[in-house]
Amino acid sequence: MPSDIRVRIAPSPTGPLHIGTARTALFNYLFARHTGGTFVLRLEDTDVARSTAAFEKDILDALHWLGITWDEGPGVAGLEEAGPYAPYRQMQRLGSYAEAAEALLAKDLAYRCYCTPEELEADRRAREAAKLPPAYSGRCAHLTPDERAAREAEGRRGAIRFRVRPGVVGWNDLIRDRVEIDTANLGGDFVIVRADGTPLYHFTVVVDDAAMQISHVIRGEDHVSNTPKHILLFEALGYGIPTFGHVPLILNPDGTKMSKRKSQTAVSDYIAQGFTREALVNYLAFLGWSPGTEDDLLTLDEIAQRFELDKVQKGGARFDRERLEWLNGQWIRRLDDADLVARLLPFTEAAAVAGQIDRAPSEGELTALLPIVRERLSTLASITDVAGFLWRELTPDPAALVPKRWDAATTIEGLAAAGERLAAHDAVTWEADELEPPLRRLVEARGWKAGDLFMAIRMAVTGQAATPPLFDVLVALGRERTLARLDAAVEALRSA
RNA sequence: GCCCCCAUCGUCUAGAGGCCUAGGACGCCGCCCUUUCAAGGCGGAGAUCACCGGUUCGAAUCCGGUUGGGGGUACCA
């Protein structure tokens, strides 16, 4: 399905990939794939002071990790960069901005402004004191050639300001219909090129979207009020105006725009905590969009098939981590064995390095454990909560060892008796269904409740009250370690 | 302050005038299963569709206002 639709995501490498940027990227990707259009990635690195190569790498890696692919830009097909409109990093496109700025200057659609930061600051305060909305005073809007020459002679370079024309600017937004804004509310003529010659966002975004033939600008709702500035620039530069679509924001639990202060915003943090790409993509897509059916679990490809921009919600959506965790569990349960083990390995290794466990399990060990751990994992990292006792030495805690309905003496008796029965069992038949009957008989002989004995044993061999099924745990632990932990527990209780 | 946007269970949402005494999912509460924890199954509580007017035979759905919430107001992106 060939199409002229071209969309883009334009992250700024001033921080790790933000969950909101990831979702905007996802929506653009879905729209492009659904319509057979082209998806472009462009790096907006003109904030030189805050941009870093490390953040750039984090952004590209996290996007790749999510399974979001782009057709043009840095990192396509493993290349440094690919696409007919290269380069895709703004700091390498300075020439085109300079050219566009010259064109505006030549037509007097923009002018040099020599106001100092101090003057601007004073203006801002004055307007605030007068209870007026902040706006540029226009001090340099009509300088005579002599006045200009005088300032240049002082060594002032001057920023370039775009003349905002009076009138109303409107557009038909893809998801919120008609939006109109009076340019009188734009804050006056705005700066498009800094005094040091570097271009500003509002300017570069327009020059590049035009140069890269972007047909649909799909971005966050926080850009709605910037859109008139962009439209004015498209007009002044003589470019065609793309179609705009503003998607709702992802919100903190308190309903404000999602921020690092109140939420975890870096995609890399979610990756580090053991969320799967399937769950994250599924979750993010359903934040603000829904297929209109009652499906809850959809893959990236399935979502791309069904994705429609007009089914995107207008209002912002709060980020609900509990729902994300539920989805993650759903996807973990659907992964095949080899895949799950491969994804688990980095987490057990990291836990070993961090000292949370004494040694990292082998691939074979993990595979064998899958039947009893998989439905207990809400994240990949939680593998150590579920089975960490297998790879860690235990220090018996006498107080925790005694089941609710038992006392210390009964617990000693129970654990010792259980140890004897199990010791009598030979190693070859050390299997769950072989281990259970002798202990059931023991319980019956003493008139105990199975749950009490089992809990005592569970605490003794794992150190925790919530574990996978007890007899499977004994098997995973092996005869020697089971017996040793039972002995150690009895010993700890006796000397307590 | 000014400009703009938004508004269905606690949360994410279905709903595009009669199918809605508003459906699903997360979370919550029971019950079942059960050696614990999960998973799974079943059931339940939970929304006067923010409010007030209007249009209409009929409104969650259309219009206006109010209230509430959010976003933007940079020589950041």
Side-chain angles (χ1 to χ4, degrees), chain A residues 10-15 21 44-47 49-51 113 115-117 120 124 127-128 131-136 158-161 173 176 179-182 184-187 190-196 198-202 204-205 220-228 246 248-249 251 253 255-257 283 286-297 310-311 313-327 329-330 333 372-378 385-386 403 436 439-440 443 449-455 457-459 462 464-471 473:
Chain A
S12 173
T14 52
T21 308
E44 308 216 324
D45 53 359
T46 54
D47 184 345
R50 296 192 297 145
S51 294
C113 167
C115 294
T116 63
L120 260 15
R124 195 188 62 75
R127 291 192 61 99
E128 195 180 316
K131 295 202 186 300
L132 286 167
Y136 176 59
I160 300 175
R161 276 187 194 273
D173 197 280
R176 50 200 76 220
V179 182
E180 294 188 335
I181 295 176
D182 192 317
N185 297 308
L186 261 30
F190 57 92
V191 176
I192 56 176
V193 178
R194 295 183 180 91
D196 70 3
T198 56
L200 254 17
Y201 167 73
H202 294 306
T204 59
V205 73
E221 189 190 342
D222 48 346
H223 283 290
V224 168
S225 47
N226 291 331
T227 303
H246 291 91
L249 262 21
L251 276 20
T256 53
K257 181 178 169 184
Y283 181 70
F286 276 64
L287 256 196
W289 171 84
S290 112
T293 60
E294 286 180 355
D295 297 294
D296 295 307
L297 280 83
D310 54 21
K311 279 190 184 157
Q313 210 78 18
K314 290 190 181 77
R318 294 168 206 243
F319 193 87
D320 180 359
R321 192 185 167 96
E322 299 217 60
R323 192 181 167 84
L324 206 211
E325 284 185 11
W326 172 77
L327 265 176
Q330 292 295 321
R333 272 165 242 140
I372 62 169
V373 299
R374 127 178 278 151
E375 71 232 33
R376 273 165 259 264
L377 298 174
S378 61
D385 297 329
V386 175
E436 187 168 350
L439 294 185
R440 292 260 176 209
V443 163
K449 301 204 95 176
D452 294 328
L453 205 226
F454 293 171
M455 183 51 84
I457 298 175
R458 171 177 294 110
M459 286 305 307
T462 69
Q464 49 197 65
T467 69
L470 182 61
F471 299 98
V473 164

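We name chains A, B, ... by the order of the sequence lines, and we start the count at 1 in each one. For the numbers below, each heavy atom of this structure counts, side chains included, while hydrogens, waters and symmetry mates do not.
Across all strands, A:His202 comes closer than 4.0 Å to base atoms (heavy-atom distances). Counting any heavy atom pair closer than 4.0 Å across all strands shown, A:Thr256 reaches sugar-phosphate atoms only and no base atom. Note on A:Gln464: nothing from the nucleic acid sits closer than 4.0 angstrom, heavy atoms only. Base contact: A:Pro469 has a heavy atom under 4.0 Å from a base atom. Residue-level contact check: A:Leu120 touches the bases, meaning some heavy atom is under 4.0 Å from a base atom. If you check every strand for non-hydrogen atoms under 4.0 Å, A:Gly220 touches nothing. Using a 4.0 Å heavy-atom distance criterion, A:Ala450 is classed as making no nucleic acid contact.
Listed pair A:Lys257 / B:rG72 meets the phosphate criterion, a side-chain N or O lying under 4.0 Å from OP1 or OP2. Between A:Arg194 and B:rA77 there is a side-chain N or O to OP1 or OP2 distance below 4.0 Å. Contact annotation: A:Arg333 side-chain N/O to B:rG40 OP1/OP2 distance is under 4.0 Å. Taking 4.0 angstrom as the limit, A:Ser290 places a side-chain polar atom (N or O) nearer than this to OP1 or OP2 of B:rA14. A close approach under 4.0 Å does not occur between any side-chain nitrogen or oxygen of A:Gln313 and OP1 or OP2 of B:rA7. Between A:Thr46 and B:rA77 there is a side-chain polar atom (N or O) within less than 4.0 angstrom of OP1 or OP2. Considering only side-chain N and O atoms, A:Arg440 lies under 4.0 angstrom from the phosphate OP1 or OP2 of B:rU35. For B:rC75, one of the phosphate oxygens OP1 or OP2 lies less than 4.0 angstrom from a side-chain nitrogen or oxygen of A:Arg161.
Side-chain contact between A:Leu200 and A:Arg194: present, with at least one pair of heavy atoms (C-beta onward) separated by less than 4.5 Å. Annotation: side chain of A:Asp296 is in contact with side chain of A:Arg323 (closest heavy-atom distance under 4.5 Å).
Ring-base stacking between A:His223 and B:rG72 is not satisfied when judged by a centre separation under 5.5 Å and a plane angle under 30°.
Rounded to whole Å, the separation between the C1' atoms of B:rG10 and B:rC28 comes to 9 Å. Comparing the P positions of B:rC2 and B:rA60 gives an interatomic distance of 34 Å, to the nearest angstrom. B:rG23 and B:rG58 have their P atoms separated by 25 Å, given to the nearest Å. The separation of B:rC63 from B:rA7, taken at their P atoms, amounts to 12 Å, rounded to a whole angstrom. B:rC57 sits 26 Å from B:rA22 when the P atoms are compared, rounded to a whole Å. Taking the C1' atoms as reference points, B:rU34 lies 22 Å from B:rG44, given to the whole Å.
Rounded to a whole Å, the CZ atom of A:Arg321 is 17 Å from the P atom of B:rC12. Distance A:Arg124 CZ to B:rC75 P: 11 Å, rounded to the nearest Å. Summarising the geometry, the separation between CD on A:Glu128 and P on B:rG1 is reported as 13 Å, rounded to the nearest angstrom. Distance CE (A:Met455) to P (B:rU35): 12 Å, rounded to an integer number of Å. Atom CG in A:Leu327 sits about 13 Å away from atom P in B:rU13, given to the nearest Å. In this structure, A:Arg318 places its CZ atom 11 Å from P of B:rU13, rounding to the nearest Å. Rounded to an integer number of Å, the gap from A:Asp320 CG to B:rG10 P is 14 Å. The CG atom of A:Asp296 sits 11 Å away from the P atom of B:rG27 (whole-angstrom rounding).
In this structure, B:rA50 and B:rU66 make a Watson-Crick or G-U wobble pair, each of the two defining distances being under 3.5 angstrom. Base pairing of B:rC28 is made with B:rG44, judged by Watson-Crick or G-U wobble geometry with both donor-acceptor distances under 3.5 Å. Across all strands shown, B:rA38 has no partner, as no Watson-Crick or G-U wobble contact with both distances under 3.5 Å is found. Using N1 to N3 plus N6-O4 or O6-N4 for Watson-Crick, or N1-O2 and O6-N3 for G-U wobble, each under 3.5 Å, B:rG1 pairs with B:rU73.
Side chain A:Arg376 to base B:rC37: a donor-acceptor pair is found below 3.5 Å. On a pure distance criterion of 3.5 Å, a polar donor-acceptor pair joins the side chain of A:Arg458 and the base of B:rU35. Side-chain atoms of A:Arg323 come within donor-acceptor range of the base of B:rA25, with a qualifying N/O pair under 3.5 Å.
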Subject >> Criterion side-chain contact (heavy atoms from CB on, under 4.5 Å) on A:Ile457 and A:Leu439, from CA distance to verdict >> reply: CA-CA 11 Å; A:Ile457 298 175; A:Leu439 294 185; 3.8 Å; yes
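A donor-acceptor pair under 3.5 Å is formed between the side chain of A:Arg176 and the backbone N or O of A:His246.
Side-chain atoms of A:Leu470 lie closest to B:rU35 of the nucleotides B:rU35, B:rA77, B:rU73.
Between A:His223 and A:Tyr201, the two ring planes are tilted [angle within 30° to 60°].
Across A:Leu251 and A:Gly316, no two heavy atoms sit closer than the pair CD2-C, 3.6 Å.
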